[in-house]
Enquirer: 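Can you read through this structure? Questions will come right after.
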Amino acid sequence: FLSGCSLFDAGREKELKEVLKTTYEELESTFSSEKCQYSLVAEYLSSWAKKNDIKISESGEHYIILTSPATKNNTDKETTAFQCSLETADIKSSSEILAIGMTALLGPDSHGDISLIVTENNNGELTGAKSLPEKYCYYDNFINLNYSKDIKLLKEGAFEMTGKMSAGI
């Protein structure tokens, strides 16, 4: 999932795969029951952020925003936000997506601001996305990590598109 184009050696690939695996396993063991209160997840993420020098940009009752500030000489680079909804009634189904988002914050050596927006989805009620301040919906790149058609945080209006790409000679 974590991919990109670069002129440099992808030397951190093994390291990041191990971080992803470890993060996922830690989430699975920490939240071992199916149901979970969102406040416990937010508390866990706050602690994880402090351990990893990640800034807590804002935290509300149903959302938290973690930011890896731009690296030296990159403050003018594009901003990127990864967003994931956590289904509190089935937290285990969200562990993989959350682990990917957390690893993405740690991944690049050189980057503009990278944020992870984690919102609560309580039985289809997108309480986190609804309570998120609008200012956190505007980034140069906004990437929703959930792959379900019904869980979305839309950046600009209600728009859905299905496309197919193909190439030929």
Enquirer: Looking at side-chain heavy atoms only, is the closest gap between Cys137 and Leu132 below 4.5 Å?
Expert: yes

Enquirer: Is there a side-chain contact between Leu145 and Gln83 in this structure, where contact means two heavy atoms from C-beta onward sitting under 4.5 Å apart?
Expert: no

Enquirer: Does some side-chain heavy atom of Glu120 sit less than 4.5 Å from a side-chain heavy atom of Tyr63?
Expert: no

Enquirer: Given side chains that start at C-beta, do those of Met102 and Leu27 come closer than 4.5 Å, heavy atoms only?
Expert: yes

Enquirer: Is it true that Glu18 and Lys14 make a salt bridge, defined as a side-chain N closer than 4.0 Å to a carboxylate O?
Expert: no

Enquirer: Keeping the roles fixed (side chain from Asn52, backbone from Trp48), state whether a donor-acceptor pair exists under 3.5 Å.
Expert: yes

Enquirer: Closest approach of Tyr139 and Ile65, non-hydrogen atoms and distance?
Expert: OH-CG2, 4.3 Å

Enquirer: Determine the minimum heavy-atom distance between Ile56 and Lys50, stating which atoms define it.
Expert: CD1-CE, 4.4 Å

Enquirer: Do Val118 and Leu98 have side chains that get closer than 4.5 Å, going by heavy atoms?
Expert: yes

Enquirer: Going through the checks in order, is the side-chain hydrogen bond (donor to acceptor under 3.5 Å, both in side chains) test met by Asp113 and Thr67?
Expert: CA-CA 7 Å; Asp113 285 347; Thr67 301; over 6 Å; no

Enquirer: Assert yes or no for the condition that the ring centre distance of Tyr44 to Phe31 is strictly below 6.0 Å.
Expert: yes

Enquirer: Let me confirm one number: the CG-OG1 distance from Leu105 to Thr80, rounded to the nearest 0.5 Å.
Expert: 10.5 Å

Enquirer: How close do Ile54 and Ser68 get, heavy atom to heavy atom, and via which atoms?
Expert: CD1-CB, 4.0 Å

Enquirer: Going from NZ on Lys77 to OG on Ser110, what distance comes out if it is rounded to the nearest 0.5 angstrom?
Expert: 7.0 Å

Enquirer: Checking the side chain of Asn146 only, and the main-chain atoms of Ser85 only, is there a donor and an acceptor separated by less than 3.5 Å?
Expert: yes

Enquirer: Under the 3.5 angstrom rule, does the side chain of Ser131 hit a backbone N or O of Gly128 as a donor-acceptor pair?
Expert: yes

Enquirer: Just verifying a value: how many Å separate Lys130 NZ and His62 NE2, rounded to the nearest 0.5 Å?
Expert: 10.5 Å

Enquirer: Can you find a side-chain donor-acceptor pair between Tyr136 and Glu58 that sits under 3.5 Å?
Expert: yes

Enquirer: Are there more than 12 heavy atoms of other residues, nucleotides or ligands under 6.0 Å from atom CD of Glu28?
Expert: yes

Enquirer: In Å and rounded to the nearest 0.5 Å, what is the CG to OG1 distance from Leu106 to Thr23?
Expert: 7.0 Å

Enquirer: Are Ser57 and Leu66 packed together at the side-chain level, in the sense that at least one heavy-atom pair is separated by less than 4.5 angstrom?
Expert: no

Enquirer: Check Glu87 against Ser94 and note the closest heavy-atom contact, atom names and distance.
Expert: N-OG, 3.1 Å

Enquirer: If you take all heavy atoms of Ala129 and Thr119, which pair is closest and at what distance?
Expert: N-CB, 3.7 Å

Enquirer: Would you say the side chain of Asn121 lies within less than 4.5 Å of the side chain of Leu86, judging by non-hydrogen atoms?
Expert: no

Enquirer: As an exercise, state the distance from CD of Glu25 to OG of Ser95, rounded to the nearest 0.5 Å.
Expert: 11.5 Å

Enquirer: Rounded at 0.5 Å granularity, tell me how far CG in Asn144 sits from CZ in Phe82.
Expert: 11.5 Å

Enquirer: Mind listing the closest non-hydrogen atom pair of Ala81 and Ile117 along with its distance?
Expert: CB-CD1, 4.1 Å

